[in-house]
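Below: the structure, in structure tokens.
We count ligands from 1, going down the list as the structure has it; atoms in each ligand are counted the same way.
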Amino acid sequence: MIIQKYKIVFAGSMGSGKTEAIKSLSEIPVLATETLNTDDASHKKMLTTVGIDYGEITLEDGAKIGLYGTPGQERFNFMWGVISQGAIGTIILIDHNVNAPLDELQYYLDFFKHHAENIAIGVTHIDENLDHSTHQYREWLVSNHLNYPLFFIDARKKEDVLMLIETLITKLEIEHM
Ligand SMILES: Nc1nc2c(ncn2[C@@H]2O[C@H](COP(=O)(O)OP(=O)(O)OP(=O)(O)O)[C@@H](O)[C@H]2O)c(=O)[nH]1
Ligand SMILES: [Mg+2]
């Protein structure tokens with residue numbers, strides 16, 4: 001049997017949960033390239049990714065997926081394209097709790113659409129900001145004539161992150177039928 005290994009990339013805003021999502025899913029210890037966060041202005045969290053995070057998951061059909069996490073900080077955007085090479089899909093995570101989540105969504109979509117056709121969006125941290133409208137994302141996608149799949153997820157929950165992975169794979173299967 002030939003075991004195929006596919007690559008899926010986690011991109012998106014600082015603190016949106018990329019490293020956490022990979023940790024939730026991975027069946028191997030995650031190689032996380034985190035260091036102390038000195039960029040308090042962007043996010044108050046303790047640690048931030050400064051390289052590539054890596055984990056792995058085997059799906060029910062035996063397909064192995066390599067999970068690659070990008071560093072969210074814009075100063076590392078020179079790495080994003082390199083990490084995306086050869087990926088079958090990209091998950092863009094957006095933190096619902098930031099001041100302008102739609103600006104972030106636009107920024108990351110604009111960047112990653114040049115590196116990936118197969119994109120799914122996960123909006124995280126919903127539980128921390130129940131007052132903030134969740135309708136804005138779909139309205140923004142519709143008004144921009146974009147039809148990327150969009151989910152509201154918690155990166156700490158394996159089943160939520162798995163749903164995004166399965167969405168990307170299903171999209172690929174439909175496109176290659
Ligand atoms: N309450 C809540 N916390 C979340 C959610 N998703 C992720 N987190 C937490 O948010 C924090 C930041 O997550 P990280 O995975 O470090 O974020 P990141 O996207 O890797 O950030 P950078 O590496 O700095 O770009 C962690 O403490 C996560 O557990 C969510 O949906 N709700
Ligand atoms: Mg990270």
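- Atoms of ligand 1 lying under 4.0 Å from at least one heavy atom of Asp127, given by number and element, are 1 (N), 2 (C), 30 (C), 31 (O), 32 (N).
- With rounding to the nearest 0.5 Å, the separation of CD1 in Ile94 from CG in Asp103 is 10.0 Å.
- For a threshold of 3.5 Å applied to N or O pairs, the pair formed by Met14 and ligand 1 contains no separation below that value.
- Put simply, the residue from Lys157, Arg156, Lys158 that forms a side-chain hydrogen bond (donor to acceptor under 3.5 Å, both in side chains) with Asp154 is Arg156.
- Taking each of Gln73, Arg156, Glu34, Lys157 in turn, the one with a heavy atom nearest to atom 2 (C) of ligand 1 proves to be Arg156.
- Any N or O atom pair closer than 3.5 Å counts here, and Thr19 shares at least one such pair with ligand 1.
- Atom 19 (O) of ligand 1 has Lys18 NZ, 2.7 Å as its closest protein atom, hydrogens excluded (heavy atom only).
- By the definition of a contact as any protein heavy atom under 4.0 Å away, atom 27 (O) of ligand 1 is not in contact.
- Looking at Gly72 next to ligand 1, an N or O pair under 3.5 Å apart turns up.
- Annotation: atom 29 (O) of ligand 1 to nearest protein heavy atom, Glu20 OE1, 2.9 Å.
- Aromatic ring centroids of His96 and Phe152 lie 6.0 Å or more apart.
- Ionic pairing of Glu34 and Lys23 is present here: one or more N-O contacts between side-chain nitrogen and carboxylate oxygen are shorter than 4.0 angstrom.
- Looking only at heavy atoms of the protein, atom 9 (C) of ligand 1 is closest to His125 CE1, 3.8 Å.
- Side-chain atoms of Gln106 and Tyr108 form no donor-acceptor pair, as typed in the model, at a separation below 3.5 Å.
- With 3.5 Å as the limit, one finds a donor-acceptor pair spanning the side chains of Asp53 and Thr19.
- Given atom 24 (O) of ligand 1, the protein heavy atom at minimum distance is Thr48 OG1, 2.5 Å.
- For the pair Glu128 and ligand 1, the shortest N or O to N or O distance falls below 3.5 Å.
- Checked against Glu166 for a side chain to side chain contact (heavy atoms under 4.5 Å, CB included), the options Leu164, Leu162, Leu168 give a single hit: Leu162.
- Judged by distance alone, the side chain of Asn37 and the main-chain N or O of Lys45 form a donor-acceptor pair under 3.5 Å.
- Among the atoms of Thr19, an N, O or S atom is found under 2.8 Å from the Mg ion (ligand 2).
- Distance from atom 16 (O) of ligand 1 to its nearest protein heavy atom, with residue and atom name: Lys45 NZ, 3.0 Å.
- Interface of Ile153 with ligand 1, defined as ligand atoms under 4.0 Å from a residue heavy atom, comprises 31 (O).
- The nearest protein atom to atom 17 (O) of ligand 1, hydrogens excluded, is given as Gly17 N, 3.2 Å; this is a heavy-atom distance.
- For ligand 1, one of its N or O atoms has an N or O atom of Thr49 under 3.5 Å away.
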Review point. Step by step, would you call Glu104 with Ser13 a side chain to side chain donor-acceptor pair (under 3.5 Å)?
Key: CA-CA 7 Å; Glu104 302 234 342; Ser13 38; 3.1 Å; yes
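- Look at Thr48 and the Mg ion (ligand 2): no N/O/S atom of the residue is under 2.8 Å from the metal.
- Both tests hold for Lys7 against Tyr68: distance to the six-membered ring centre under 6.0 Å, angle to the ring axis within 45°.
- Listed by number with element, the atoms of ligand 1 under 4.0 Å from a non-hydrogen atom of Ser13 are 19 (O).
- When each of Trp80, Tyr148, Tyr107 is paired with Phe112, the ring-ring contact (aromatic ring centres under 6.0 Å, His included) condition holds for Trp80 and for no other.
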